[in-house]
Amino acid sequence: MLAVGPTPPDAAVDWSFAVRGAVERERTWSWDELLALPRETVTVDIHCVTQWTKLDTTWTGVSIDTLLVHAGPRDARFAVAHAADGYDTNLPLDDLTGGRAWLVWEYEGEPLEPPHGGPARLLVPHLYFWKSAKWVRALELLADDRPGYWEVNGYHDRGDPWLQQRYQGD
Ligand SMILES: Nc1nc2c(c(=O)[nH]1)N[C@H]1C(S)=C(S)[C@@H](COP(=O)(O)O)O[C@H]1N2
Ligand SMILES: [Mo]
């Protein structure tokens, strides 16, 4: 467990998830609307930048591809994930598409626990785990890259564990 601050107590209150910014149509889903979307269960390895790796973790959620179909990206190449604790993190849009990223609400078959991002978090297992924003509430699509919380503080814009992209310049 790692977060820059305490678990936000109101992360599940009036929950909604928005895709906004460089899109054809801004879209917002309520909790019930989220649960009505086609869901996937995936088993993946996750990698923290401070060295740990967790093998074969199982998550259930909706792929970001599915959400983006509804919003229709428009000249977007990057995204910033915004979370209820004020945390944000930027990603190339290519890393959120192609069946490699999800908005998840179950971990190992149980509702995602609040300290780990419940009710719902981003899951981008092929990048370092700081990109997987907990308590995520919006994806903002952008034409140009804009660094998030850790990226402003020197962490890498993309964060590929296989390329050991920990810090800017790696
Ligand atoms: N909203 C939010 N998401 C976040 C963070 C955070 O501080 N706030 N920390 C990130 C970091 S640095 C890591 S390693 C993982 C930790 O996830 P875990 O607590 O489920 O292990 O969450 C990431 N997502
Ligand atoms: Mo981290």
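Each ligand, and each atom within it, is numbered from 1 in the order the structure gives.
Close approach to Ala133 involves these atoms of ligand 1, each under 4.0 Å from a residue heavy atom: 3 (N), 24 (N). Within ligand 1, the atoms closer than 4.0 Å to a non-hydrogen atom of Cys48 are 14 (S), numbered from 1 in the order shown. Per-residue contacts place Trp135 under 4.0 angstrom from the following atoms of ligand 1 (heavy atoms of the residue considered): 1 (N), 2 (C), 8 (N). Here is the list of ligand 1 atoms found below 4.0 Å of a heavy atom in Ala83: 1 (N). Every atom of ligand 1 with a heavy atom of Trp150 under 4.0 Å away is listed here by number and element: 12 (S).
Looking only at side-chain heavy atoms (C-beta outward), Phe78 and Asn90 stay at 4.5 Å or farther from each other. In this structure, the side chains of Glu108 and Thr57 come closer than 4.5 Å at one or more pairs of heavy atoms. Residues Trp150 and Val49 are not in side-chain contact: their nearest non-hydrogen atoms beyond the backbone lie 4.5 Å or more apart.
When all heavy atoms are compared, the tightest approach of Ile64 to Leu103 is CD1-N, 3.8 Å. Pairing each heavy atom of Tyr167 with each of Asp170, the nearest pair is N-OD2, 2.7 Å.
Remark: ligand 1 and His116 share an N or O pair separated by less than 3.5 Å (distance only, no angle test). Backbone and side-chain nitrogen or oxygen atoms of Lys134 are examined, and one is located within less than 3.5 angstrom of a nitrogen or oxygen of ligand 1. For a threshold of 3.5 Å applied to N or O pairs, the pair formed by Asp85 and ligand 1 contains at least one separation below that value.
One hydrophobic cluster holds both Leu122 and Leu93 under the rule that ILVMFWY side chains link at heavy-atom gaps under 4.5 Å. In terms of hydrophobic clustering, with Ile, Leu, Val, Met, Phe, Trp and Tyr side chains grouped at heavy-atom distances under 4.5 Å, Val124 and Leu34 are assigned to a common cluster.
Only the side chain of Tyr87 comes within 4.0 Å of ligand 1, judged by heavy-atom distances. Proximity of Ser132 to ligand 1, defined as any heavy-atom pair under 4.0 Å, is confined to the backbone N, CA, C and O atoms.
Judged by the shortest distance from any of its heavy atoms, Lys131 lies outside the 4.0 Å radius around the atoms of ligand 1. Between Gly117 and ligand 1 there is no heavy-atom distance shorter than 4.0 Å.
A salt bridge links Glu151 with Lys131: the distance from a Lys NZ or Arg NE/NH1/NH2 to an Asp or Glu carboxylate oxygen falls below 4.0 Å.
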